[in-house]
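Worksheet for the structure shown next.
These values consider heavy atoms only, across backbone and side chains, with no hydrogens, waters or symmetry-generated copies. All chains are named by letter (A, B, ...) in the order of the sequence lines, taking the proteins before the strands, and each is independently numbered beginning at 1. Remember, predicted model here, so these are calculated numbers, not experimental data.
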Amino acid sequence: MGGLDDLYQQLILDHYRNRRGRGRIENASASVHEHNPVCGDECFLDILVEDNRIVEIRADGDGCSISQAAASMLTEVVADKDLNEALEIVEHFRRMMHGDAEPDEDLLGDAIALEGVAKYPVRVKCALLSWLALRDAIASYRETTAHGG
Amino acid sequence: MGGLDDLYQQLILDHYRNRRGRGRIENASASVHEHNPVCGDECFLDILVEDNRIVEIRADGDGCSISQAAASMLTEVVADKDLNEALEIVEHFRRMMHGDAEPDEDLLGDAIALEGVAKYPVRVKCALLSWLALRDAIASYRETTAHGG
Amino acid sequence: MTTTGSPALDARAIRAEFPMFVAPRPDGRPLHYLDSAATSQKPQVVLDAMNAYYRETNANVHRGVYEMAAEATDRFEFGRTAAARLINHPREALVLTKNATEAINLVAWAWGARELREGDEIVVTEMEHHSNIVPWQIVASMTGAKVLFAPVTPQGEVELDALRALIGPCTRMVAAVHVSNVLGTINPVREIVEMAHQAGALTMIDATQSVPHMPVDATSIGSDFLVFTGHKMLGPTGIGALAASPERLNAMEPFLGGGEMISDVTTEGSTWAEIPWKFEAGTPPIAEAVGLGAAVEYLEALGMDRVREHERATAELMINALGEVPGLTILGPTDPDRRGAAVSFTLDAVHPHDIAQFLDSKGVCVRAGHHCAKPLMRVLGTQSTTRASAHVYTTDEDILALQGALIECRSWFGA
Amino acid sequence: MTTTGSPALDARAIRAEFPMFVAPRPDGRPLHYLDSAATSQKPQVVLDAMNAYYRETNANVHRGVYEMAAEATDRFEFGRTAAARLINHPREALVLTKNATEAINLVAWAWGARELREGDEIVVTEMEHHSNIVPWQIVASMTGAKVLFAPVTPQGEVELDALRALIGPCTRMVAAVHVSNVLGTINPVREIVEMAHQAGALTMIDATQSVPHMPVDATSIGSDFLVFTGHKMLGPTGIGALAASPERLNAMEPFLGGGEMISDVTTEGSTWAEIPWKFEAGTPPIAEAVGLGAAVEYLEALGMDRVREHERATAELMINALGEVPGLTILGPTDPDRRGAAVSFTLDAVHPHDIAQFLDSKGVCVRAGHHCAKPLMRVLGTQSTTRASAHVYTTDEDILALQGALIECRSWFGA
Ligand SMILES: Cc1ncc(COP(=O)(O)O)c(C=O)c1O
Ligand SMILES: Cc1ncc(COP(=O)(O)O)c(C=O)c1O
């Protein structure tokens with residue numbers, strides 16, 4: 001069952017069973033709601049931004065172990081990061097998922113454990129769900145503030 | 001080249017080269033215009049009816065040897081026939097073309113030579129063009145007279 | 001045919017006729033293919049028929065004078081004849097399409113986009129596949145018509161009284177699935193068709209999941225339209241069918257325009273060929289029709305009654321076997337007489353994606369997701385399910401492998 | 001690949017790779033297949049790719065978690081990638097359809113039926129295949145738009161000045177064929193596209209007869225839409241393609257609705273998947289896409305420049321050989337640089353049906369009829385023509401056999 005262990009590394013199962021950063025933020029600076037068209041899974045992502053920094057991030061919604069672990073890892077790795085840094089991390093993660101980048105543990109933290117997902121195209125969508133939600137949340141935050149919100 | 005000789009019997013080539021009953025009838029009792037959707041060939045068929053009898057029949061239009069010979073034979077075999085008899089002959093010919101009837105030379109005259117066409121589905125349409133035109137012409141004649149035309 | 005003379009199908013013997021089950025997988029994993037509701041495997045005779053077509057008589061159909069073209073036309077039209085015969089339908093009223101979805105869209109566009117008016121209503125059930133929902137939504141949005149959904153009980157049955165109440169003077173079309181691809185429910189389609197006809201509405205029966213698995217008599221169902229798809233009935237991809245009433249087809253304006261479907265074309269306008277060709281524009285799926293014909297002959301030789309009996313028995317076994325898995329909940333009817341062998345379930349909190357992934361590592365192929373039936377998922381109160389589904393080649397071992405893998409899966413994910 | 005290193009294709013070696021030409025015919029007749037404009041023969045590699053798909057990894061695409069389904073998706077999407085690469089087009093803007101006809105209808109219905117208004121004009125040429133006429137007539141009759149025909153000279157060329165004069169402020173769409181299936185004429189499509197765009201009209205290029213036979217660069221043609229079909233380019237039946245500008249596809253509402261093409265479906269309404277899947281409803285022609293991919297790879301290995309050079313040389317030989325047949329008149333351009341190797345002709349008063357029938361008895365397969373181009377037939381002043389057409393496997397012997405059979409045919413029918 002080598003393939004399975006490759007995919008479901010211990011770190012992933014650990015994040016899945018003990019999700020970090022779960023829930024919602026009352027007074028979020030930006031909130032987005034994404035869904036995975038393949039399985040219907042949903043992700044609610046909230047960020048609280050201060051001085052261009054993610055001071056709080058929470059992800060909610062049900063999903064498979066990969067999507068839950070990915071969300072859990074995301075909330076850890078981008079916590080307290082500057083918005084541009086966060087976007088850079090998301091982009092690096094996205095490229096790793098598409099097999100376009102050598103994974104960099106300094107950027108990704110625990111999320112490097114998701115590297116094996118890249119071999120399972122359908123599951124790539126699961127892993128990316130919350131991460132791309134963050135990208136959209138940042139874009140939406142910037143749009144609102146640019147318009148004086 | 002057996003197949004070819006089977007299809008193009010001498011009688012067929014003879015009718016093709018010397019078409020009988022070609023042309024139009026000025027004061028026709030009924031006229032129809034049919035075309036073969038496969039090749040675009042057209043057939044103009046006129047009949048003159050008196051006392052329920054086909055006193056004159058002419059077919060016009062270009063076409064392949066099979067369609068020309070079939071039209072030529074038609075004009076001979078139904079000449080002077082009662083409308084019901086003519087319809088019966090047409091139906092017998094139609095069934096022969098679809099392989100549904102043993103050909104009866106008494107009914108078909110020279111047209112029995114077209115029997116071999118049944119094996120060539122695309123050519124069946126050629127052979128039937130003028131014959132089905134006659135069926136339509138009789139129907140149209142009857143409709144007009146029924147409505148007091 | 002290698003099936004025994006006994007009434008029951010010999011699924012093991014049948015497997016030997018399917019190349020997919022004959023060759024070992026490169027990594028040595030067994031193959032317990034339980035995703036036939038998504039697409040079926042193909043017997044060798046179907047591949048042979050298509051290969052023979054390409055090798056012996058490949059030519060474009062319907063207009064060629066030369067013998068090879070006439071032979072191609074014969075083999076193509078034989079596929080239509082076989083498919084029509086299987087469902088007891090007149091062959092001239094069987095339109096070949098690329099899949100069941102196109103067949104439904106054909107009606108939605110050719111009839112609906114032209115005939116529907118503001119305030120008209122189309123009634124579907126909450127149990128429909130997206131293919132029997134979205135085409136109606138699209139033409140409704142173009143015409144101002146409305147799509148109404150007949151409710152489905154949490155046990156996975158259409159509420160017939162509520163459906164009856166929904167159908168009214170504004171109803172122009174009632175569209176319902178024969179057998180649910182998610183729950184396996186067999187719907188009382190004759191009753192539904194009668195209800196609709198009494199109200200003067202047309203009917204569309206989605207028989208995509210019934211035609212492959214049981215005797216289906218389109219004439220006795222009596223719907224105006226009925227669709228099915230080749231790839232789920234042991235046939236190739238790229239072909240489906242619309243069986244319609246001949247009067248309806250004759251009355252309808254065409255859908256796709258182009259070669260083959262015309263009688264005459266002028267710069268002023270065009271006239272149409274006879275049915276069914278009036279609805280088949282362009283070069284049809286020729287080899288695919290040949291393959292479909294071979295699939296129908298294969299099913300006929302097995303006997304659709306026996307195919308249904310195998311399906312019933314497999315459903316029963318599956319429901320019993322799954323019932324023994326701790327934490328597993330079966331969705332939909334549990335009476336095997338009232339369902340097909342597509343069985344959806346949930347397993348504690350383990351997500352369907354994880355289940356399907358784990359099962360794959362044991363050689364068990366199942367589907368996880370919304371099964372193109374999101375409105376039904378909402379009724380069931382879930383985002384996705386895991387579905388195991390069978391066909392004539394499904395054996396007891398497949399079901400036992402599924403059961404065993406599910407038990408292991410549950411503990412692996414620590415549920 | 002068994003072709004030599006030399007610049008010219010070795011058609012005899014190529015034939016050895018096509019099962020249709022390898023097996024002798026049961027009645028011993030030779031096979032001079034000169035009907036490739038209707039459909040092409042298939043190399044063994046195309047059949048092998050489809051068989052391998054069915055044997056090794058047949059599963060429904062895009063949603064399956066298990067490995068076999070992911071592999072099926074890969075092979076399917078590889079077909080799209082290959083087809084897009086062949087015409088230098090972005091893969092996400094290449095929609096797979098069942099044939100070229102459906103691809104044109106997709107645009108006519110999804111765009112035309114929704115966007116056209118009374119008084120709008122669609123300009124086509126008199127040289128179009130019915131598939132690029134009838135869809136426009138159908139949506140015109142639904143919307144009140146008009147279809148205008150740009151004239152073609154008796155020599156078989158589009159009158160560009162007249163076309164330019166026809167295109168005006170009411171023109172919404174200009175639809176033109178790249179290479180005529182009847183006359184072989186190569187049209188100046190870049191010029192036509194520019195004319196249309198200057199007037200603010202959209203453009204549809206029917207590249208069904210060009211993509212199989214010459215390098216076609218969709219990006220440099222620059223049309224909004226361009227279509228082609230698998231079965232004429234050494235691929236299987238049941239697959240075609242619409243190459244569109246990505247912006248256009250994104251802006252368009254969908255056509256066929258159903259599984260695969262949605263993002264979300266609710267009882268209130270639905271949202272769509274990304275392009276190209278937004279336009280691919282239901283189970284796609286999976287094995288057919290795999291076969292198309294193999295056909296593209298085969299053509300690429302031959303080299304499209306060399307394919308075109310073989311086509312040009314064959315056209316030249318055909319025109320010379322036919323020119324020596326007494327009583328024979330070639331329709332369309334005679335300069336091989338300006339045409340493909342589909343050559344229509346008349347032979348005294350011998351009817352095309354009789355010619356095709358006689359030729360068949362000599363093993364020569366040609367097409368007789370209106371070639372789905374009745375408006376063009378009227379321009380040419382005939383009801384039907386005989387057409388011989390070639391592909392990469394066409395040899396000099398085929399052409400000489402055609403010539404010889406035509407000479408015999410003429411005397412047999414006593415012309
Ligand atoms: C020029 C042209 N356009 C369109 C078509 C239609 O192609 P298909 O029948 O594959 O849809 C053809 C082939 O018949 C053609 O030659
Ligand atoms: C119930 C039902 N209807 C329609 C379809 C659509 O079939 P296809 O994808 O072949 O068009 C399916 C299969 O996915 C189905 O299960």
Residue part contacting chain C, namely of [X], when any heavy atom lies under 4.5 Å:
X: D/Pro352; value: neither
X: D/Met377; value: neither
X: D/Tyr54; value: both
X: D/Ile133; value: side chain
X: D/Trp109; value: both
X: D/His353; value: both
X: D/Ser40; value: backbone
X: D/Phe255; value: both
X: D/Ala373; value: neither
X: D/Val22; value: neither
X: D/His370; value: side chain
X: D/Ser141; value: neither
X: D/Arg378; value: side chain
X: D/Glu56; value: backbone

For the candidates [options], which exhibits the highest count of non-hydrogen atom pairs separated by less than 4.5 Å from chain D?
options: C/Ser270, C/Pro285, C/Cys365, C/Pro19; result: C/Cys365
options: C/Ala356, C/Ala289, C/Ala281; result: C/Ala281
options: C/Thr237, C/Val134, C/Asp360; result: C/Thr237
options: C/Gly64, C/Ala113, C/Pro254; result: C/Gly64
options: C/Glu102, C/Arg25, C/His129; result: C/Glu102
options: C/Gln357, C/His371, C/Arg63; result: C/Arg63

Below 4.5 Å from any heavy atom of chain D, which atoms of [X] appear? Answer side chain, backbone, both or neither.
X: C/Val364; value: neither
X: C/Ala23; value: neither
X: C/Leu256; value: both
X: C/Ala69; value: side chain
X: C/Ser36; value: neither
X: C/Asn132; value: neither
X: C/Leu359; value: neither
X: C/Asn99; value: side chain
X: C/Pro26; value: neither

If you count heavy-atom pairs under 4.5 Å between each of D/Asp35, D/Leu106, D/Val124, D/Thr101 and chain C, which one has the most?
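Ranked by contacts with chain C, first place is D/Thr101.
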Looking only at D/Lys98, D/Gln44, D/Met68, most heavy-atom pairs under 4.5 Å shared with chain C are made by D/Lys98
Is [X] reaching over with its side chain to a backbone N or O of [Y], donor-acceptor style, under 3.5 angstrom?
X: C/His130; Y: C/Lys374; value: yes
X: C/Lys42; Y: C/Gly235; value: yes
X: C/Thr271; Y: C/Asp264; value: yes

How far does CD of D/Gln137 sit from NZ of D/Lys146, to the nearest 0.5 angstrom?
14.0 Å
So which heavy atom on C/His231 is nearest to which on C/Ala38, and how close?
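Here C/His231 and C/Ala38 meet closest at CE1-O, 3.2 Å.
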Would you name the heavy atoms of C/Ile286 and C/Tyr53 that are closest together and state the gap between them?
CG2-OH, 3.3 Å
For the rings on C/His62 and C/Phe76, is their centre-to-centre separation under 6.0 Å?
yes
